[in-house]
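To keep things clear, I will list the structure first and then write my remarks on it.
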Amino acid sequence: VKLADVQFSDHEHVVVARVTGEIDLSNADSIENAVAEATPNHALALILDVSALDYLDSAGIHLVYKLREKLRARGQTLRLVIPADSPANDALRLAGVSRNVDTAETLDAAIAEFSTDAAAAEVPDQGSV
Amino acid sequence: VPLEKPHHHAPRAGQTVLPPAETGLAPAHQVEPFARLSDPALSELGLEEFLDELLLRVRDALNVDTVAILLHDPDNDQLVARAAKGIEEEVEQGVRIPVGQGFAGRIAAERVAIFIADVDHADILNPILREKGIQSLLGIPLIVEGTLIGVLHVGSLVPRVFGQRDLAILEVAAARAAPGIERARLFSALEREHQVAMLLQRSLLPKRLVDVIGVNTAARYLPASDEVGGDWYDVFELARGRLGVAIGDVVGHGVRAAALMGQLRTALHAYAMQDYGPARTLELVDRFVQAMPDYAMATAAYAVLEPDTGEVQIASAGHLPPVVIGRDGGRVVDVTPSAPLGAFSYGRVQEHELVLAPGETLVFYTDGLIERPGTPLTDSIEVLLDVVKDASSVEGLCRRAVERMVPAGGLRDDVAIVAIQNSEIDDELELQLPADPKILAEIRLVLRRWLRHQGANDSQTMEITLAVSEACTNAIEHAYSPAPAQFTLRATAEDGQLTFVVTDVGRWRAPRGQDRGRGLTIIRAAMDEVEVNSSETGTEIVMHRKVGP
């Protein structure tokens with residue numbers, strides 16, 4: 001049985017990679033490579049959704065840092081979807097890594113951040129329909 | 001003297017129907033070669049050799065240029081060229097003649113002998129006869145106990161009138177040879193089907209059972225004494241260390257049942273891997289069966305075992321109830337079976353739950369193991385429980401079931417049995433492990449199971465598993481050795497105070513950069529007390545943590 005699986009989906013300006021299963025030293029590198037590979041140049045950002053991940057440890061945290069560097073070099077942003085009550089968040093908490101602006105609570109919130117609507121929302125509200 | 005044409009057969013161009021010949025017409029010296037065709041020793045030959053021998057003798061006895069045998073294929077009511085002398089192309093090209101058409105087809109349909117004096121002007125279907133330059137033909141049906149099995153015909157490259165004497169010789173040859181052909185044909189067909197089915201059955205069953213932490217597994221498959229059936233079993237690993245166990249029985253026997261079994265086993269396995277759970281998995285296999293072009297029906301049961309807790313989810317589509325064997329004997333699991341796969345459209349499958357205590361074994365089997373004429377199934381299941389209750393291992397259990405339940409004289413139906421045991425949990429862990437990252441997932445499975453046994457709650461289990469996994473990761477990353485490196489993990493418990501020691505043969509390396517130091521940070525945060533002891537011989541990480549309410 002594969003320890004983890006990655007499912008990709010394309011959205012307006014972003015690619016979502018949803019990782020399920022477990023990430024440890026045995027598969028962190030191949031997951032990082034697969035995710036970086038699956039993010040096309042035209043995407044503004046990669047959303048790494050680990051909300052359904054069962055296990056993450058320092059190898060997985062290391063993966064996140066390496067992936068962020070890789071994307072930054074291509075001018076792209078990494079967003080993480082890590083709900084507060086997820087195993088991934090427990091690992092971050094124990095590792096003393098604080099959740100920051102790169103982290104979203106839900107996938108929808110992360111996607112909305114990069115959508116055209118989000119840009120439009122910056123203009124004054126024209127009333128509702 | 002040419003032969004008279006009977007009136008009750010519809011005339012066809014150039015064909016003359018001959019009445020049966022007087023047996024006495026055949027000269028003894030010409031019939032003699034066929035006497036030995038009914039020799040049992042000869043009929044032991046394979047079909048090919050037997051036909052070859054027959055054709056040579058017919059050719060010599062009648063002094064003809066061509067001889068051919070076409071056998072009847074009842075599936076599509078055609079004659080298939082099976083052996084020939086002088087017109088080998090017939091066989092090589094796999095000539096097929098529909099019964100009722102042409103020369104051979106009419107012989108088969110009307111079961112009469114037919115003579116054709118001039119092939120060029122006769123109603124024949126097979127162009128090879130003309131292409132070979134055959135001028136005249138004589139053919140007769142091959143009949144065994146009233147059943148048509150084929151057609152035998154001879155040909156001459158020069159115009160020839162086949163008379164009553166020729167017909168008599170050919171009829172003797174046919175009468176002697178037909179039973180031998182039928183025997184040899186049945187034998188080779190059955191033999192071939194049996195071999196194909198056995199091969200199929202063997203290739204479709206798991207080569208070896210998966211090795212899952214905390215579970216012992218064993219299985220057996222036995223074909224029936226005369227043919228294979230559609231029984232199968234399957235054991236596979238699911239995500240998060242769970243184990244899937246399936247068993248099934250396709251209605252029917254032979255190659256078709258074995259092939260269908262392979263499809264159902266694969267379908268069930270594939271749906272199961274998608275984590276649908278037992279009831280939904282069986283519902284999906286049912287829809288798969290419903291969508292098959294041919295009628296098919298099967299019974300099946302599927303269960304998922306969580307080794308951490310011993311919890312089992314189980315569902316049955318018309319399958320016999322599994323049994324649980326424990327230290328205090330056995331019991332039949334109360335699984336109300338839903339309808340068999342393929343029985344009703346959109347059938348719903350019910351899911352049941354049970355807990356397999358450490359040491360207990362869940363046993364699935366097919367009806368071949370317990371079905372005996374005149375004995376109610378419930379009685380047979382009691383006998384099975386009695387036979388296997390003292391088995392000391394899952395292998396021993398399967399061996400006993402097979403030895404004691406299979407009747408003398410062989411099985412009438414095939415048998416599958418599969419047993420999974422929730423293994424006993426040791427109070428202490430002492431594991432010698434290879435320094436290979438792949439082992440980490442297994443370590444976590446062992447730990448989770450052991451921690452639950454020690455009374456750890458969910459969050460304690462999560463934190464301790466994470467910390468120990470980090471310590472093991474460190475041992476694997478730092479292992480240096482020309483030989484395959486190893487490290488050890490020990491876990492002990494005393495009044496809810498757990499101690500874990502991970503020892504490697506490498507030196508503790510100073511963390512390289514901020515990222516790499518995170519492992520030790522996690523260990524310290526997750527455990528109550530942590531020591532790192534480095535020496536010339538290796539590094540030891542000792543971790544303590546209290547668990548319980």
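In what follows, chains carry the letters A, B, and so on, assigned in the order in which the sequence lines appear, proteins first and then strands, with residues in each chain numbered from 1. None of the values given here were measured: they were computed from a predicted structure.
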Self-check item: Leading residue by heavy atom contact count with chain B [cutoff under 4.5 Å; candidates A/Ala95, A/Gly21, A/Gly96]
Solution: A/Ala95

Practice problem: May I ask you to name which of B/Ile439, B/Ile522, B/Asp436 has the most heavy-atom pairs under 4.5 Å with chain A? | Solution: B/Ile522

Practice problem: Select one option (side chain, backbone, both, neither) describing which atoms of A/Ala91 are under 4.5 Å from chain B's heavy atoms. | Solution: both

Practice problem: Under 4.5 Å heavy-atom distance to chain A, tell me which part of B/Arg444 shows up: side chain, backbone, both or neither. | Solution: side chain

Quiz item: Just wondering, more than 12 heavy atoms not from B/Arg452 lying within 6.0 Å of its CZ?
Solution: yes

Self-check item: Charged tip of B/Arg518 within 45° of A/Tyr65 ring normal and under 6.0 Å
Solution: yes

Exercise. Go through the atoms of A/Asp24 and report whether side chain, backbone, both or neither lie under 4.5 Å from a heavy atom of chain B.
Key: side chain

Quiz item: Should we count NZ of B/Lys438 as having more than 12 external heavy atoms under 6.0 Å?
Solution: no

Quiz item: Can you find a pair of side-chain heavy atoms, one from B/Val542 and one from B/Phe500, that are under 4.5 Å apart?
Solution: no

Self-check item: Reference residue B/Thr499; test side chain to side chain donor-acceptor pair (under 3.5 Å); the match among B/Arg490, B/His544, B/Arg545
Solution: B/His544

